Number of protein chains: 2
Amino acid sequence: MVKKTGRPGYLQIADDLREQIRGGALAPGAPLPSTAQLAEQYDASLSIVKMAVGILRNEGLVIGQQGKGVFVREDEQPEKRPATDLASEVIELRTAIQDLSERLARVESTLSESRRSPK
Amino acid sequence: MVKKTGRPGYLQIADDLREQIRGGALAPGAPLPSTAQLAEQYDASLSIVKMAVGILRNEGLVIGQQGKGVFVREDEQPEKRPATDLASEVIELRTAIQDLSERLARVESTLSESRRSPK
DNA sequence: TAGGTCAACATAGTTAACCTAGTTGGCTTG
DNA sequence: CAAGCCAACTAGGTTAACTATGTTGACCTA
């Protein structure tokens, strides 16, 4: 299945799955084929499939549930805002990241201290 | 180097490098240590380091040049960035938020559990 | 029947090894 | 000296095998 373009196999598979999700062939909430099935389907090794799925997972397109499977994310954000609002959304998101980072740093340092001197 | 938080090593390393870049410890244009050096530095396997670098590469934070090294991207002014890139930045920020949220949830639950039943 | 066990399957993380290919610098040879 | 070869580095792609952990269903037993 993987074509002999210069593009690495794990990206080709990630592209293909992404396409299937965007195109609706894999509906939100639907499970992807198992790693083993995908490996056979694309005639690729398990590692390659895992890398491809890992990319989609990292992109948030897909959510892996250990022991169950990998599912297409049920996203409810259908193009609500016009493109002109993208800039403000970026600012919004930056603020959220700042906030999360601070909380995380605080709580992680607390955690490491309590590990160093328990109780 | 990799701490025994629940967070996988390749993400810890990616986080650390990302931090160094954002913080200026690794200036734009500067080369990262080689894969082998990073592996020794973090006391991790080559594969893990490659995964971590692959993440940063995927995020566009870093550019790998085969045969030479991996270099911190010399970023052009964000102001001049065309609007078409805003969308991809939103995606990037979203994944960052998702990532931070997961870390936060994990570490906060760890904290509350250790309060409930201290080891 | 209710409950426990166990095998099979799933994702996820990690490691080690092998291969390709680009770059660099030093050494040899013409 | 100049050209070319070569060894030693670099990143990147691929594969296989192992561990950990979660889920499910079938089966056995009390």
Side-chain angles (χ1 to χ4, degrees), chain A residues 1-17 21 26 29-74, chain B residues 1-17 21 26 29-73 95 98-99 102-103 105-107 109-110 113:
Chain A
M1 178 70 177
V2 280
K3 301 189 185 78
K4 295 173 293 179
T5 69
R7 194 160 177 78
Y10 68 96
L11 287 183
Q12 289 186 42
I13 296 179
D15 291 342
D16 192 73
L17 292 176
I21 293 173
L26 286 170
L32 269 63
S34 77
T35 310
Q37 286 175 327
L38 287 175
E40 185 179 2
Q41 177 178 328
Y42 287 104
D43 190 30
S45 72
L46 289 176
S47 306
I48 293 305
V49 171
K50 282 164 74 172
M51 287 178 71
V53 174
I55 290 177
L56 300 186
R57 188 153 43 97
N58 196 280
E59 288 174 356
L61 263 182
V62 123
I63 295 181
Q65 277 180 265
Q66 209 169 307
K68 296 191 72 177
V70 179
F71 301 86
V72 179
R73 175 162 193 168
E74 315 201 34
Chain B
M1 177 70 179
V2 280
K3 302 190 185 76
K4 295 173 295 180
T5 68
R7 193 161 176 77
Y10 69 96
L11 288 183
Q12 288 186 43
I13 296 179
D15 291 342
D16 193 72
L17 292 175
I21 294 174
L26 286 170
L32 270 63
S34 77
T35 310
Q37 287 175 327
L38 286 176
E40 185 179 1
Q41 178 178 328
Y42 288 104
D43 190 30
S45 72
L46 288 177
S47 306
I48 292 304
V49 171
K50 282 161 76 171
M51 287 178 70
V53 173
I55 290 177
L56 300 186
R57 187 152 41 97
N58 197 280
E59 289 174 355
L61 262 181
V62 122
I63 294 182
Q65 278 180 264
Q66 210 170 318
K68 294 190 71 175
V70 179
F71 300 85
V72 180
R73 176 164 191 171
T95 64
Q98 187 185 339
D99 190 52
E102 286 170 4
R103 289 168 65 189
R106 181 158 36 238
V107 86
S109 71
T110 304
E113 278 172 13

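Labels below follow one simple rule: chain letters A, B, ... track the order of the sequence lines, proteins then strands, and each chain is numbered from 1. Everything numeric here is computed off the predicted structure, so don't read it as measured data.
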Within the structure provided, determine whether [X] and [Y] are in side-chain contact (heavy-atom separation under 4.5 Å).
| X | Y | result |
| --- | --- | --- |
| A:Tyr42 | A:Leu17 | yes |
| B:Leu38 | B:Ile13 | no |
| B:Lys68 | B:Phe71 | yes |
| A:Lys50 | A:Thr35 | yes |
| A:Leu32 | A:Leu26 | yes |
| A:Tyr10 | A:Ile55 | yes |
| B:Val62 | B:Arg73 | no |

For nucleotides 3-12 of chain D, give me one character per nucleotide, 5' to 3': B if any protein heavy atom sits under 4.0 Å from the base, S if the only such contacts are to the sugar-phosphate, - if neither. -------BBB
In dot-bracket notation, what is the pairing pattern of DNA chain D, taking Watson-Crick (N1-N3 plus N6-O4 or O6-N4) and G-U wobble (N1-O2 and O6-N3) contacts under 3.5 Å, with [ ] crossing and | for other strands? ||||||||||||||||||||||||||||||
A:Ser47: side-chain contact (heavy atoms from CB on, under 4.5 Å) partners, not counting sequence neighbours: A:Ser45
Applying side-chain contact (heavy atoms from CB on, under 4.5 Å), can you list everything that pairs with A:Gln37, at least two apart in sequence or on another chain? A:Pro33, A:Ser34
Going by the rule side chain to side chain donor-acceptor pair (under 3.5 Å), which residues pair with B:Asn58 if we only count those two or more places apart in sequence or in a different chain? none
For DNA chain C, note the earliest and the latest nucleotide, 5' to 3', having some atom under 4.0 Å of a heavy atom belonging to chain B.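 Answer, 5' to 3': C:dG13 to C:dT24.
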Calculate the interatomic distance between A:Leu46 atom CG and D:dT19 atom C1'; express it in whole Å. 15 Å
